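For reference, the structure discussed in these notes is given below.
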Amino acid sequence: MAADPRHYTLDISEHLFRLTTEGLRLHSNATLRYQTLEDLIDARASAVSKIGNHDISTLREHFSVIPTKGNIRINLSMSLDRANSLDAVATTIGKQLNADLTAGDALSVLLFDYVAEQKAAHIMAIGGFDKIL
């Protein structure tokens, strides 16, 4: 029997909210299916180990431009495995930044990583570089 899901209630900033909608738009278009934040977290769980490859100054700048806390409430429900992946992101990035990160912070970094990857792939495709690799 599957473990009970973990539920999160996050109060996020408008900037982070816009990052969530952009990530969902990109993921939905990539998969040709309507997606949820839980779906996106699930799809990105395998990429958790490479999220730690971001430059520390880039991550600090990300958090200064896109604060986590705000007054827009979102609810997430995910499997324990996916919740653990989100916790792993918080731990990995928290160690790099020497800070205690929340699940909301981890979501922000995960979305930042995804959107940046998708935008880079789009630019590579426009330039025809995707055919070279």
Side-chain angles (χ1 to χ4, degrees):
M1 178 179 219
D4 290 333
R6 191 177 297 174
H7 303 280
Y8 295 93
T9 299
L10 306 173
D11 293 321
I12 63 172
S13 69
E14 181 179 342
H15 294 296
L16 181 50
F17 177 79
R18 291 181 187 277
L19 183 60
T20 66
T21 60
E22 179 64 5
L24 290 174
R25 181 189 71 80
L26 291 169
H27 191 53
S28 294
N29 287 343
T31 61
L32 299 177
R33 294 181 56 223
Y34 288 109
Q35 298 291 332
T36 66
L37 274 177
E38 291 88 344
D39 294 332
L40 182 51
I41 292 166
D42 193 45
R44 297 304 288 180
S46 62
V48 166
S49 61
K50 73 175 188 143
I51 287 177
N53 294 338
H54 287 286
D55 181 69
I56 292 173
S57 62
T58 301
L59 293 171
R60 287 187 202 283
E61 185 175 346
H62 166 73
F63 284 120
S64 70
V65 172
I66 301 179
T68 301
K69 299 247 184 245
N71 60 2
I72 299 172
R73 180 158 286 179
I74 63 170
N75 296 296
L76 297 171
S77 181
M78 65 189 79
S79 72
L80 185 58
D81 287 345
R82 295 309 171 229
N84 288 339
S85 293
L86 204 57
D87 291 342
V89 170
T91 300
T92 299
I93 301 303
K95 283 180 184 175
Q96 287 184 329
L97 297 175
N98 196 29
D100 291 327
L101 299 187
T102 65
D105 296 329
L107 175 64
S108 183
V109 169
L110 189 138
L111 290 166
F112 166 72
D113 181 69
Y114 179 71
V115 169
E117 182 181 288
Q118 291 299 306
K119 296 292 183 174
H122 179 71
I123 290 168
M124 296 291 284
I126 288 173
F129 297 109
D130 60 328
K131 294 171 181 46
I132 296 171
L133 305 173

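All values below were derived from every heavy atom in this structure, side-chain atoms included, with hydrogens, water molecules and symmetry-related copies excluded. Because the structure is predicted, anything quoted here is derived from the model rather than measured.
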Atom [atom1] in [X], atom [atom2] in [Y]: separation rounded to 0.5 Å?
| X | Y | atom1 | atom2 | value |
| --- | --- | --- | --- | --- |
| Leu110 | Thr20 | CG | OG1 | 12.0 Å |
| Leu16 | Phe112 | CG | CZ | 13.0 Å |
| Leu111 | His27 | CG | NE2 | 11.0 Å |
| Met78 | Asp39 | CE | CG | 11.0 Å |
| Arg60 | Gln96 | CZ | CD | 9.5 Å |
| Thr68 | Leu10 | OG1 | CG | 9.0 Å |

_Neighbour count above 12 (heavy atom, 6.0 Å) for Asn75 CG_ = yes
*Please say whether more than 12 non-hydrogen atoms of neighbouring residues, nucleotides or ligands are located less than 6.0 Å from OH in Tyr8.*
yes
*asked:* Between Gln118 and Asn29, does the side chain to side chain contact (heavy atoms under 4.5 Å, CB included) criterion hold? Intermediate values first, please.
replied: CA-CA 11 Å; Gln118 291 299 306; Asn29 287 343; over 6 Å; no
_Side chains of Ser108 and Asp105: any donor to acceptor distance under 3.5 Å?_
no
*Without swapping roles, check the side chain of Ser28 against the backbone of Gln35 for a donor-acceptor pair under 3.5 Å.*
yes
Flag the pair [X] / [Y] as yes when at least one side-chain heavy-atom distance between them is below 4.5 Å, and no otherwise.
| X | Y | answer |
| --- | --- | --- |
| Asp11 | Asn71 | no |
| Ile12 | Leu19 | no |
| Ile41 | Glu38 | no |
| Ser85 | Arg82 | yes |
| Leu97 | Phe63 | yes |

_Hydrophobic clustering (ILVMFWY, side-chain heavy atoms < 4.5 Å, transitive) - are Ile74 and Tyr34 grouped together?_
no
*Arg18/Glu14 under salt bridge (charged side-chain N to carboxylate O under 4.0 Å, His left out): CA gap, chis, key distance, verdict*: CA-CA 6 Å; Arg18 291 181 187 277; Glu14 181 179 342; 2.7 Å; yes
*Assess whether side chain to side chain contact (heavy atoms under 4.5 Å, CB included) is satisfied between Leu107 and Leu76, documenting all intermediate values.*
CA-CA 11 Å; Leu107 175 64; Leu76 297 171; 4.2 Å; yes
*Compare every heavy atom of Ala106 with every heavy atom of Ala90, then report the nearest pair and how far apart it is.*
N-CB, 3.8 Å
